[in-house]
Number of protein chains: 2
Amino acid sequence: MGITIQEASRVSGLSTHTLRYYERIGLIHEVGRDSGGRRSYTRPDLDWLDFLTKLRTTGMPIAEMCRYAELRRRGPATAAERRRMLEIHRARVLERIAQLSEDLSILDYKIDLYHAMENS
Amino acid sequence: MGITIQEASRVSGLSTHTLRYYERIGLIHEVGRDSGGRRSYTRPDLDWLDFLTKLRTTGMPIAEMCRYAELRRRGPATAAERRRMLEIHRARVLERIAQLSEDLSILDYKIDLYHAMENS
DNA sequence: CTGCATGTTGAAGTGCACTTCAAGTCAAGC
DNA sequence: GCTTGACTTGAAGTGCACTTCAACATGCAG
């Protein structure tokens, strides 16, 4: 019914080690098992992993992701709180982009200086 | 002539520990000392720290910064190589900004979904 | 001249996010 | 039935970027 941890690893881009680690710390809740006790990842699992990965790559700390995951498990009653978490995170991402853009211009300036040096 | 490590810390935004650490690993080269052997930071030191900080906040690994610092110490002959390093780093920063912007839209989408849930 | 804050050093410790290890289980191919 | 390879677990290890510690030195206030 589901796919193996190996396939889930390929699809998600996370190592099998990381998949087990994420489950252990509660980021992924109780992945289904096959007859032999092996993990079997379903579509919803993969979608969730995808979203988790986006939170990670945008710099959300694991601890905060765990909190989000826990709220999610508690159901619809926690929707407003989860939204607030995402809004706060969104603001951080925006700020990070702004900071990077600003620093980028310093980089450009420095690179220009080097060009000028080389052509003088 | 220069300022104390405490003042340099305040100006640069780096802890005194980090300032000593940066010096130890060769990121900052031989900061001057006062009569009592205490560090004395001058304007060029602070400018360099400022630039280092920009490299760090844009995600350049310490090891790479050390390499850049070493090239810088070797003088003008290494200018072209330093420029290349900055250009490569610049490309990474651009890519990071693009990635963050993309992930941001997923975040926006999710937040919208939560709003829709709350208003239904 | 005596505290005491601030400085110095090398070495050890910390926190985060994994990653590797050790020891065992299970299923498919020969 | 036996090997092989992927899977399982808990525990220990890794890499990065600092941070803290321990032990000692210096300089200024009272």
Residue pair B:Arg38/A:Arg20 against DNA chain D: nearer the 5' end by closest nucleotide is A:Arg20

Calculate the interatomic distance between [X] atom [atom1] and [N] atom [atom2]; express it in whole Å.
X       : N      : atom1 : atom2 : answer
A:Glu23 : C:dA17 : CD    : C1'   : 17 Å
B:His17 : C:dG10 : NE2   : C1'   : 15 Å
A:Leu19 : D:dA6  : CG    : P     : 16 Å
B:Tyr22 : C:dT9  : OH    : C1'   : 20 Å
A:Ile25 : D:dG10 : CD1   : C1'   : 15 Å
A:Tyr21 : C:dC21 : OH    : C1'   : 17 Å
B:Leu27 : D:dC18 : CG    : P     : 9 Å
B:Ile5  : D:dT26 : CD1   : C1'   : 15 Å

Counting only N and O atoms by type, is there a donor-acceptor contact under 3.5 Å from the side chain of B:Thr58 to the main-chain atoms of B:Lys54?
-> yes

Q) Is there a donor-acceptor pair under 3.5 Å between the side chain of A:Ser101 and the backbone N or O of A:Ile97? A) yes

Residue [X], side-chain atoms from C-beta onward, closest of [options]:
X       : options                : value
B:Ile62 : C:dC18, D:dA17, D:dT19 : D:dA17
B:Gln6  : D:dA17, C:dT6, D:dC7   : C:dT6
A:Arg39 : D:dT9, D:dC18, D:dC7   : D:dT9
B:Thr18 : C:dT8, C:dC18, D:dC18  : D:dC18

Can you tell me if the side-chain N/O atoms of A:Arg33 get under 4.0 Å from OP1 or OP2 in D:dC7? no

For A:Arg24, answer base if it contacts any base atom (sugar-phosphate contacts may also be present), sugar-phosphate if it contacts only those atoms, and nothing otherwise; contact means non-hydrogen atoms under 4.0 Å. base

### Query
Using a cut-off of 4.0 Å on non-hydrogen atoms, how would the nucleic acid contact of A:Thr16 be classed: base, sugar-phosphate, or nothing?
nothing

Give a yes-or-no answer on whether the side chains of A:Arg82 and B:Tyr114 include a donor-acceptor pair shorter than 3.5 Å. yes

Between B:Gly36 and A:Asp34, whichever has its closest DNA chain C nucleotide further toward 5' is B:Gly36

field: Minimum side-chain heavy-atom gap B:His89-A:Leu107 below 4.5 Å
entry: yes

Note: with side-chain heavy atoms under 4.5 Å as the link, the other cluster members for B:Tyr109 come out as B:Leu113

